Asker: 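Let me give you the structure first, and then I'll get to my questions.
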Amino acid sequence: MLFDHELAWKDPAIYKEIYVNSIAAPEKFWEYHQNTLFPEGNYNASFNCLDRHAKITPHKNAIIWYGDEYCERREISYARLLEMTERIASELIRRGIRKGDSVTICMPMTPESIASMLACCRIGAIHNVVFSGFSANALNERIFRSASKIVLTVTAGSRGGKMIPSLHNVLAAIGDMDVDVLLVDHVDDFPMDDGALSVEHMKYDDPMFTLYTSGSTKEPKRIFHSCGGYQLYSAMTFKYVFDAKPEDIHFCTSDIGWITGHSYITYAPLFLGLTIVIFSGTPMHPDGGRYWQIIENERVSIFYSAPSAIRCLASLGEESVRNYDLSSLKVLGCVGEPMNEAAWKWLFTNVGKEKCPIMDTWWQTETGGIILAPLHNVKYQKPGFASMPFFGVAPGIENEELIIKNKNWPGLSSNFVRDDQIYHTGDKAMVDDDGDFKILGRIDDVVNICGHRLGTSEVESVVNALGEIEESAAIGVPHRIKGQALCIFATTTADLDQDQKESVAKEITTRIRQDIGAIAKPDKIVFIPELPKTRSGKIKRNILKIIGKKQNIDYDAADMQSIINISCIKEIEHAMTHAIKM
Ligand code: WTA
């Protein structure tokens, strides 16, 4: 018995044994799974996710789509998804796109957006999906930096009752750049190249896609994932963390604009031949019953969501779920930000009815797939803990930071060299006496708003570009639903009266929306006379974080001593009480 995860689910001792073996002999462990998952030795994701299933189960639903309103629903079989993908792939070829070319996709959550990703894979083009809620400026930067030759989009979409002018946004982003635009509203308009179009052969290390994410620098980071390692790791983690089987109905509420939407909406579930439910609306429109109604209608068995969505739905009370039949659920999951105990208990009791384990999964764009998860059935649950490492991954803690001591697991982005050096995650974590990990948030200058990573320096560079602003510091402060919210402290080039401050605050918000997108909108803006700084001129962010929280102002004495302009602290505390709420 090399690997029996069903036993591992039931018995922690078996998990431990397999885990220890996977660390002791990683080559053997991964090679075994590589051979099991890729019997044809073909690393083309479109082939693995579509052709293999379309041949055997052509009529099985690959996708069930729900739109912004209750009545909007479509079913797409594996055969149909293959055909849609082939048509888009033919059109891409016709427009001169070839293996290795970069293609940007900016679309709402629809079957067409998934077919677009798979069409790129089919011809070996490297897709670069940009979240459709990003502003034209943010999109422009990502098209330009990725050197995309073409952008795939649709005319428009709708989300939470609001129209998303996708095409308009894309055209504004492109401006006078020499970039083609392909509208994929009606894929049947694209003629099929009878048989002329074959699946591009992809090697294990060929690049598969890129995705931009925030770090502590001003510019978003471009993360590369390659075909073999990424598919192997995402499919395996999906199978073993969620106990996924082909008969499962999987509903992941993320968006293809994020890594979760790549790994656990698209690639892993389709690789394993499941039916996925995708939803292009929001959990609260037109009411808070959307997720539960979808689960009931489709008999969803795996439900993977985000803590902020759960907190938002929990605020509606237990009666908001009581009347739905959620008995089809077998496992729940959450990702993106720390899951607090209250939200965990609400989900466990009211949605899972105390019979579904909650997989609190910790991972990152860079890791391609899940690194930490409880990995056991309902008997071994610890609220608020992402718990234990996936097979083959060796996490640890160094100066309160979560680190990964090996880099030889296949999911890791190809930006990193697979050597013996430590991988630094940028997250703060602790480990308890049982060896279970608990994630506490970021240690670097990245905030996490509703599970979306945002570099504070990206925000600051937008704010600082305003003529009225001298300097600024964007800080993450705790928020009841969103996890964190942005609070901006800014100094101005001239004294402003209250009306002027309010108009500058509005201008800051508008610019942030334009340059980044609505997800980066600040909650509070505080005008202050000076930013607290060290002798070497560094902004003392941790002091601002304490002031931003507003309760229990409790400074560290050593920290305070390192500030050269200490007198500004009282003024900032005072200014905080007059913060402008946006
Ligand atoms: C945070 C999302 C606590 C963390 C897959 C990480 C989490 C960042 C969890 C990555 C979790 C993700 N508990 N925090 N279960 N999962 N995070 O790249 O700070 O969008 O570094 O990938 O989200 O965000 P990214």
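Computed from a predicted structure; not experimentally measured. Remember, it's 1-based here, ligands and their atoms both numbered in the order they're listed. Starting from 1, each residue takes its place in the sequence as its number.
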Asker: On the six-membered ring of Tyr423, is Lys407 placed so that its NZ or CZ lies under 6.0 angstrom from the centre and within 45° of the ring axis?
Answerer: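 Not flagged: Lys407 not positioned over aromatic ring of Tyr423.
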Asker: Got the residues with a heavy atom under 4.0 Å of ligand 1, by chain and number?
Answerer: Ile259, Thr260, Val335, Gly336, Glu337, Pro338, Asp360, Thr361, Trp362, Trp363, Gln364, Thr365, Asp427, Ile439, Arg442, Asn448, Arg453
Asker: Does Thr367 have any side-chain hydrogen bond (donor to acceptor under 3.5 Å, both in side chains) partners at least two apart in sequence or in another chain, and if so, which?
Answerer: none
Asker: Is the closest basic N to carboxylate O distance between Lys162 and Asp68 below 4.0 Å?
Answerer: no
Asker: Does anything in residues 380-397 pair up under side-chain hydrogen bond (donor to acceptor under 3.5 Å, both in side chains), and if so which pairs, sequence neighbours excluded?
Answerer: Lys382-Asp432, Lys382-Asp434, Lys382-Asp436
Asker: Residues two or more places apart in sequence or in another chain: which of them pass side-chain hydrogen bond (donor to acceptor under 3.5 Å, both in side chains) with Lys538?
Answerer: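 None.
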Asker: Centre of Phe134's six-membered ring, under 6.0 Å away, within 45 degrees of the axis: is that where NZ or CZ of Arg142 sits?
Answerer: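 Yes, Arg142 and Phe134 form such a contact.
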